[in-house]
Structure formats: structure tokens, C-alpha cells
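One structure is given here, and the rest of the page talks about it.
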2 protein chains.
Amino acid sequence: MLSKKTKYGIKALVYLAKQEERIPVQISVISKSENISQKFLESILLTLRKNGILGSKKGKGGGYYLLKEPKDIPMTAVMRLLEGPIAMIPCVSLNFYEKCDDCPDENACAVNKLMLKVRDNTLKIFRNTTLADLSN
Amino acid sequence: MLSKKTKYGIKALVYLAKQEERIPVQISVISKSENISQKFLESILLTLRKNGILGSKKGKGGGYYLLKEPKDIPMTAVMRLLEGPIAMIPCVSLNFYEKCDDCPDENACAVNKLMLKVRDNTLKIFRNTTLADLSN
DNA sequence: GCATTATCCTAGTAAATCGATAGGAATTGA
DNA sequence: TCAATTCCTATCGATTTACTAGGATAATGC
């Protein structure tokens, strides 16, 4: 299940991508437009900034803005930041790999086999979708 | 993230599918073979039985067995039973649809658009994969 | 400089979900 | 009757989720 954090984060990014110019947009503006709790959105934008997706400016006329062009922001980056692993199970994750306690042999595991297929497909979608694709 | 419930459920089903004959297998046998807590597995097999995937027999020589041939059990059924929705967000779910509170127009929603694509792909995999495919 | 307007940062918290566990009732076979 | 097994309900600690609170910090404009 996609968390609200990720959902709101994507919506905010799309909102920023749709702006004509890359000038700072205040949290309050985005939160009102997208019906997101302002304080919650604040924490989400903060992590996006800390991880190089957004830039920010403090004080009057401040706010958040995209650091790159929307076409250069793949959804893999956004998903991994906000949601965590793209795989449904750690033993098939590229970036968050972990061995299963109960499983003696991954190659013989049916769950591994199935979830690997799912991950491959999902990954392909997120890799081939950028913020630009979502904001048209 | 795939829950342990689903993971264990799939493993148990694969174990049963691999049996030569459709005779009852005890919970304790499966739990030992697959390294699953017996009590937890018990509750999982119970829901699989209550939903027409497994049959059971009580008393000595009792246990659980598949009610259908592995090739006739698609992963969609198993996933929906144990994990719930296949979609990552309710607004693109076929069997567990729910409208988003914050979203005035689904068709204009970027998250909806993206997650619909993911669901389509994942669904295709689960539909085309049966228990038989996993137990070879 | 000082007030205002914003982000920055750390904590906390209520509710839900997860991953079990406990304990006994019901049923079956020998 | 007894032992083996599933059936069923209830509970529980830990973790995660979706926020909220409250102030620190920085930039702007007068």
C-alpha cells in the first residue's frame, strides 16, 4: 500500500513541475491546492530537499522549487526516497536487499521467484516515468 | 511490502502443491519444513480453508490439502485473500475500490495515472501465474 | 534594526496494523 | 476412551503511520 507521505509527495512535486517558472512556492499554497495537511506536507518537502530533489528559500518570498527539470526526475528516485523499497519483499530488492530469516535458498523460493517478476515490471515503469510524464 | 502472512501462505500452498497425492498434511509438518511459527501458520491456513482454497480434516491423520489442482489456483486469488488489494492505492483497485478524500478528480490525478499502470502490470503477472507455475 | 514571513528541526502521540501467542473446544481415528 | 489434530476467539507487544506542537533559524522589506 502506498503511504500518504508518498502520495502527497508526488502530488506536490507534480504541482511544482507544472509551474511555469522555477520560483519558490510556499508550502501553504501547495497544501491548500492539493488538500494536504500543511504540517505533514512540510515534513515531506523537507526530506525531498534534504535528498537533492527540491531546493528551498527561507523568509518572505520563500518556498520550495525543483532543482532539476521534471524530465530528469525519474519516479524511481521519488519512490525510493519516500516509500522505500520498490520490491514487495527485501530479498528481491536492489537498493534495500535483505535475506529472509526463514529461507535457506533464495533460488528455490517460490515467493522470491514471483516477487522478482513483479519487481522487474514495476521497476521498469518507475524508471521510464519521469515527473514530466506525470505533469502533462 | 508483502506481509509475512502472505509470504507464509504462499509457501505453504506451494508445499501442498508439491505433494504427490492430495492427502492431508499436518500444520506441524509444513511449519517445520518452511520455518514458520506453527500457531501463526495455523491461522493462515484457516483463512485459506474458509475461502475455498484448502480443505481440511480434523483428528488423527488430519491436516490440510488443496481443493483444486495447482494450475487452477491463480495468484490473484491468493494475494487478494491474504494480502488484500493488488493495487498500491485504493482509487485504482478493482476489488477494493475507494475514492481518495483529497482528490477532486481521479482522471486528473498523477498518482492515479501512475499507480494504474503499476496495477495493470502486476495484475497481469498474478493472473498469469498459478500455483503450478510456482511449484515447478 | 526590527517586524514579518517563511522554512528548519526535534519531539511527541493516537490509532492502526503486524506478527505472533494462549488456551481451550470440537472432531476424528484407533 | 484417549490421543491427535483442527477450530476458534481473544489478547498482546512492537512497529508504523499520519499527523501535530512548538519553537529555532534565516531572509526580506520597511
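Reminder, nothing fancy here: chain letters follow the sequence lines and each chain counts from 1.
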Rounded interatomic separation in angstrom, taking CG from Leu45(B) and P from dC8(D): 14 Å

dA20(C) OP1/OP2 closer than 4.0 Å to side-chain N/O of Ser43(B): no

Protein-nucleotide distance (Asp102(B), atom CG; dA18(D), atom P), rounded to Å: 12 Å

OP1 or OP2 of dT5(D) under 4.0 Å from side-chain N/O of Tyr64(B): no

Side chain to side chain, Leu123(A) and Thr76(A), heavy atoms closer than 4.5 Å: yes

Electrostatic pair Asp102(B):Lys7(A) at N-O distance under 4.0 angstrom: yes

Nearest-neighbour nucleotide for the Lys60(A) side chain, dT7(C), dG29(D), dT28(C) considered: dG29(D)

Sidechain-backbone polar pair: Thr6(A) side chain, Leu2(A) backbone, donor-acceptor under 3.5 Å: no

Whole-Å distance separating the NZ atom of Lys5(A) from the C1' atom of dT20(D): 16 Å

Between C1' of dT7(C) and OH of Tyr65(A), the distance in whole Å: 12 Å

Value in whole Å for how far the C1' atom of dG23(C) lies from CD of Gln38(B): 14 Å

Sugar-phosphate only, base, or nothing, as touched by Ile27(B) at under 4.0 Å among non-hydrogen atoms: sugar-phosphate

Under 3.5 Å: donor-acceptor pair, side chain of Arg119(A), backbone of Val92(A): yes

Rounded interatomic separation in angstrom, taking CG from Leu41(A) and C1' from dT20(D): 14 Å

5' priority, DNA chain D, between Leu2(A) and Gly61(A) [closest heavy atom]: Leu2(A)

Length of the line joining Lys58(A):NZ and dT5(C):C1', which is rounded to integer Å: 12 Å

Point-to-point distance, once rounded to the nearest 0.5 Å, from CG of Leu131(B) to CG of Leu114(A): 10.5 Å

Below 4.0 Å: OP1/OP2 of dC7(D) and any side-chain N or O of Ser56(B): yes

Protein proximity profile, nucleotides 9-18 of chain C - base contact B, sugar-phosphate-only contact S, no contact -, cut-off 4.0 Å on heavy atoms: B---------

Test item: Ser93(B) side-chain N/O and Pro90(B) main-chain N/O as donor-acceptor pair under 3.5 Å: no

Minimum side-chain heavy-atom gap Leu13(B)-Leu66(B) below 4.5 Å: yes

Atom pair distance, as rounded to whole Å: OH in Tyr8(A) and C1' in dC19(D): 10 Å

Among dT28(D), dT6(D), dG29(C), the one nearest Lys57(B) by side-chain distance: dG29(C)

